[in-house]
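Quantities reported herein were computed from a predicted structural model and do not represent experimental measurements. Protein chains get the first letters and strands the later ones, always in sequence-line order, with residue 1 at the start of each.
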Amino acid sequence: MNFQILDADYFRENERPVVRLFGRSDNGESVCCLVPGFEPYFYLSASGDLKKLGQEIKDRFDVVKDIEVVERFEPIGYQETKQPMLKVTTFDPRNVPEIRDEVAGMIGVREIYETDILFRNRFLIDKGFKGMGWVSAGEDADVAKGDLLCDHVVRSSELTEVDRIANSPLKYMAFDIECLPHDGGMPTPDVSPIIMVSFAFEPAYKGHSTIVLVKKEVEGVDDDVEMFTKESDLLNRFFEIITEYDPDVITGYNINDFDVPYIVDRVNVLNESGAGIKPIVGRDSRNLSYRKIISRTMVSIPGRVVVDALPLIRQQFSLKRYTLRNVSKELLDREKLDVAPADMQEHWNDNGEKIRKFVDYARRDSELALELLLELKLLDKYIALSRVSGILLQDTVSGGQTNMVEHILMTEFGKQGRVMSTKPDDETSAYRRKQNESLKGGAVLEPEKGLHENVIVLDYKSLYPTIMMAHNLCYTTVVKPGSYPENDIIRSPSKGEFVKPDIFKGVVPSVLEYLLDQRVKTKQLMKKAGDEGEYRVLDATQLALKILLNSFYGYSGYARARLYSLQMANSVTSIGRDNIARTEDIVCNRIGTVVLRDNAAYLTDEAGEIREGDKVVKLSVAYGDTDSVFVHCKNDCDEEFAEDEFSLEDSALVGRKVASIVTASLPDPMELEFEAAAKRVLLVAKKRYAQWLFEPTNDGWKDKIKVKGLETVRRDWCELTSKMLNRVLELVLKEGDIDGSVHHVRELVDRVRNLDVQKDVDIVEDLVLTKSFSKSPSSYKNKQPHLTVVENIERRTGVRPSIGERIPFVITAGKGLFVDRAEDPEYVREHNITLDVDYYIQKQMLPPVERILGVFGVDVATLNHDSKQKGLFDFDTSSEEKVETVKRVCRTGEQPSQQADQKTQSSLFDF
DNA sequence: CGCCCCCCCTAA
DNA sequence: TTAGTTAGGGGGGGCG
């Protein structure tokens with residue numbers, strides 16, 4: 001039987017561990033495979049007689065099954081030879097943490113290794129199995145199920161890996177609970193009952209794609225609404241449906257922080273008064289439970305995967321708010337049905353339309369959660385990450401990059417006879433964090449501020465990974481500076497020293513090479529993918545490979561990592577900084593000029609004498625950040641090309657030529673790539689720019705406007721700013737229409753100035769700002785607008801928004817500090833409070849737009865238009881002039897005067 | 001004012 | 001920060 005490994009753990013049988021692999025088979029049945037015979041162990045290094053020490057350990061701890069002297073490398077640093085270590089095998093996995101501290105304290109013991117590896121991970125690593133990977137359990141007959149809730153339970157000690165791209169037919173279930181709060185506030189499990197539970201299924205459960213359990217009689221509803229009189233019956237049915245449906249993936253919206261803890265607590269409350277609810281959910285019949293680890297709730301269900309859609313969406317999509325309502329609207333274009341907390345009691349007490357509406361509302365929430373997961377394909381990436389990194393799906397979903405990187409490295413270390421460090425203690429982490437103050441990052445080139453035409457965007461493909469590969473940077477190659485002959489080492493600009501690959505090829509570079517190679521192969525497979533399903537899996541796989549490739553650098557400078565090397569991290573970035581500086585030098589000085597002739601690009605010495613019809617292109621670097629350079633192409637007089645004189649094809653020719661020359665000068669596999677041609681680029685500041693980009697595709701060029709760092713992409717600015725600025729950027733970049741921009745801004749300013757809260761409802765919505773409530777109120781040293789609102793909401797409703805939430809607010813009219821005038825938009829609407837239009841004009845509209853139009857000499861006085869004040873200079877020019885303005889600003893690089901008076905202003909438009 | 005710090009969010 | 005890293009802009013507000 002072949003099945004895909006969904007989860008793994010172990011249990012004890014006759015005081016010996018038996019690993020359990022949970023999964024789903026290719027024919028759609030849930031499987032639990034029992035694997036006996038695998039033993040827990042750890043390593044230690046020591047001075048003196050290892051055999052003697054081993055005997056001592058064995059005599060002292062009766063949980064030690066076996067001791068063996070082995071040869072291993074230490075985790076960090078290049079070593080010429082392995083050294084003897086002790087491998088300590090215990091009877092039970094839990095013995096390892098039980099005895100490790102005492103063992104570490106014994107005389108002669110230098111260091112203990114791999115004493116904190118979860119048994120299931122140890123198993124996966126040693127056996128070469130992967131989370132979401134396929135295995136074959138042979139033809140073993142089913143064994144007794146016992147407590148296991150699976151279609152099949154088999155026992156096998158001879159599992160083999162199976163090579164298969166497709167995923168098994170997983171079963172998904174979403175759920176959501178409704179509770180009846182006392183007074184319209186937050187419900188609490190000790191008093192507020194669970195009155196409804198909704199489910200959504202994929203595939204359907206007994207013909208139902210949704211089910212709602214309701215704790216009262218409701219008339220006129222479909223047969224997928226089940227009614228109960230007792231809450232405990234409803235809850236028992238909830239657990240019964242889960243175990244009957246037997247889902248692989250359990251999802252919902254904010255279930256980790258709300259629904260699951262609420263149900264667990266509520267069941268406990270009810271059971272204390274003898275309800276006798278059995279909250280069985282696990283495939284091993286385990287009860288639903290959660291763990292609180294420093295304000296974060298962890299939920300895990302044996303044999304299944306719990307996926308809260310909220311954190312996944314938070315991570316993947318940049319939105320102003322993450323309420324289910326907003327997320328559904330933005331990402332699914334679906335409306336959430338809603339009953340306000342204050343109206344719940346009324347709806348619940350109703351026996352007609354209202355209660356039916358309430359039921360539908362509950363049903364919709366589960367539906368939406370499941371739709372989010374499936375339609376946005378939220379799990380694809382995590383499934384691929386599991387398959388590539390090897391860790392279990394639950395761990396990719398609820399963990400970070402550390403887990404994956406460490407699992408991969410430990411797998412590789414194991415193969416090479418190298419032991420893995422334990423996690424650092426708090427003291428070590430703190431010390432490393434201090435050291436990290438000397439960790440420098442990427443270089444950001446000073447932008448040539450203003451508007452430029454014909455800019456080529458070049459970037460390094462996977463810069464940091466390729467740097468590590470090209471220079472053999474690794475934990476396993478790093479040496480103490482000065483300890484090896486010059487000839488044997490590679491020295492980074494930060495003075496890190498690493499042995500050359502012919503002396504020892506680093507583990508990290510090898511892994512990266514493998515991942516990069518797999519990614520290339522996966523992309524090739526994508527081109528000839530048989531069906532959409534296969535394409536999806538392959539696409540997720542290449543994305544997972546990219547994520548992993550880019551995880552290793554960050555990990556190397558992470559203070560809590562098992563492996564940490566400041567020398568390595570600093571070497572990566574220092575080579576990166578050197579590289580971008582070198583690139584700039586090659587482009588500007590060594591290449592300097594490119595000649596376009598007969599549809600090809602030549603260096604000046606390749607081209608020889610300039611002929612009739614040649615196009616001479618002068619290059620300069622207008623900007624660059626870490627791994628990218630923006631190359632400005634000008635004519636031989638160092639001016640912008642005239643209209644239509646420099647085509648996108650010309651850009652591509654120059655771009656590819658430059659990229660190939662730079663690449664040729666670099667060690668393999670570092671590679672500079674031509675990414676896109678920008679017709680116009682507006683550089684505002686470091687990390688702030690907008691481009692009118694043309695990207696090469698299979699059928700011609702695809703254009704788009706790309707904005708980085710400016711207010712349009714920032715969530716702490718209001719929608720009005722984004723919309724206004726987006727329009728201005730489009731006018732400037734595509735049309736070269738400064739006048740139009742000014743008109744647009746003046747019109748909007750005028751509308752805001754004369755804002756009628758009743759009439760201009762749509763604009764008022766666009767005035768909402770959001771900021772994330774990121775830490776406990778007491779740890780804020782300064783006042784913050786969103787904190788004011790948090791306090792207001794808490795005072796009024798008794799409920800404090802939770803940390804991590806984004807808080808919407810508007811600025812109301814009145815005296816005093818801005819932070820004190822922040823208010824909840826909801827409250828403002830209900831109480832008809834006046835907004836501070838001046839704040840919006842002066843702080844939200846004018847400064848961002850001035851930063852852009854200031855380049856063309858447009859100032860705040862021009863933009864700050866008031867239709868009620870006649871006599872201000874009127875703004876109008878012909879359309880030819882509009883483009884001319886832009887062209888001239890580009891061509892001359894002139895920064896027009898910024899004076900506020902009208903004369904200067906009009907003179908700009910008739911140079 | 002200018003300077004500095006805190007805070008938020010983004011680029012890479 | 002149990003949660004990869006540093007670089008950097010820009011707003012608000014307190015203080016000299």
K.L.:
Which of residues 422-435 of chain A have a heavy atom under 4.0 Å from DNA chain B?
P.N.:
none
K.L.:
Which whole number of Å gives the distance between the P atom of C/dT1 and that of B/dC7?
P.N.:
15 Å
K.L.:
Whole angstroms only, please: what is the NZ-C1' distance between A/Lys843 and C/dG10?
P.N.:
11 Å
K.L.:
Look at the rings of A/Phe773 and A/Tyr780 and say which category their plane angle falls in: under 30° parallel, 30 to 60° tilted, over 60° perpendicular.
P.N.:
parallel
K.L.:
Please tell me which of A/Leu439 and A/Asp820 maps to the more 5' nucleotide of DNA chain C, matching each residue to the nucleotide holding its nearest heavy atom.
P.N.:
A/Leu439
K.L.:
Is the phosphate of C/dG4, meaning OP1 or OP2, less than 4.0 Å from a side-chain N or O of A/Arg562?
P.N.:
no
K.L.:
Can you see if the side chain of A/Lys440 gets near the phosphate of C/dT6 - specifically, an N or O under 4.0 Å from OP1 or OP2?
P.N.:
no
K.L.:
Which pairs, protein N/O on one side and nucleotides 1-3 of chain B N/O on the other, fall under 3.5 Å?
P.N.:
none

K.L.:
Heavy atoms only, 4.0 Å cut-off, all strands: where does A/Asn436 land among base, sugar-phosphate and nothing?
P.N.:
sugar-phosphate
K.L.:
Just how large is the angle between the end axes of the helix from B/dC1-C/dG16 to B/dA12-C/dT5, five pairs per end, to 10 degrees?
P.N.:
20°
K.L.:
NA contact type, A/Tyr553, heavy-atom cut-off 4.0 Å: base, sugar-phosphate, or nothing?
P.N.:
base
K.L.:
To the nearest 0.5 angstrom, please state how far the OG atom of A/Ser722 sits from the NZ atom of A/Lys320.
P.N.:
4.0 Å
K.L.:
For residues 782-793 of chain A, pull every pair meeting side chain to side chain donor-acceptor pair (under 3.5 Å), keeping only residues two or more places apart or in separate chains.
P.N.:
A/Lys783-A/Asp820, A/Asn792-A/Arg795, A/Asn792-A/Glu823
K.L.:
How does each nucleotide of nucleotides 5-12 of chain B score, in 5' to 3' order, for protein heavy atoms under 4.0 Å: base (B), sugar-phosphate only (S), or none (-)?
P.N.:
-SSBBSBS
K.L.:
Checking A/Tyr564 against A/Asn436: is there a side-chain donor and acceptor pair closer than 3.5 Å?
P.N.:
yes
K.L.:
Salt bridge check, A/Asp836 against A/Lys815: does any charged N sit closer than 4.0 Å to a carboxylate O?
P.N.:
no
K.L.:
Nearest whole Å is fine: how far is C/dT1 P from A/Arg560 CZ?
P.N.:
7 Å
K.L.:
Just jot down the salt bridge (charged side-chain N to carboxylate O under 4.0 Å, His left out) partners of A/Asp257, sequence neighbours excluded, or say none.
P.N.:
none
K.L.:
Over how many whole Å does the gap from A/Gln844 atom CD to C/dG12 atom C1' extend?
P.N.:
12 Å
K.L.:
Using 4.0 Å as the upper bound for N to carboxylate O, is an ion pair formed by A/Glu406 and A/Lys423?
P.N.:
no
K.L.:
Would you mind classifying the nucleic acid contact of A/Val819 as base, sugar-phosphate or nothing, using non-hydrogen atoms under 4.0 angstrom?
P.N.:
sugar-phosphate
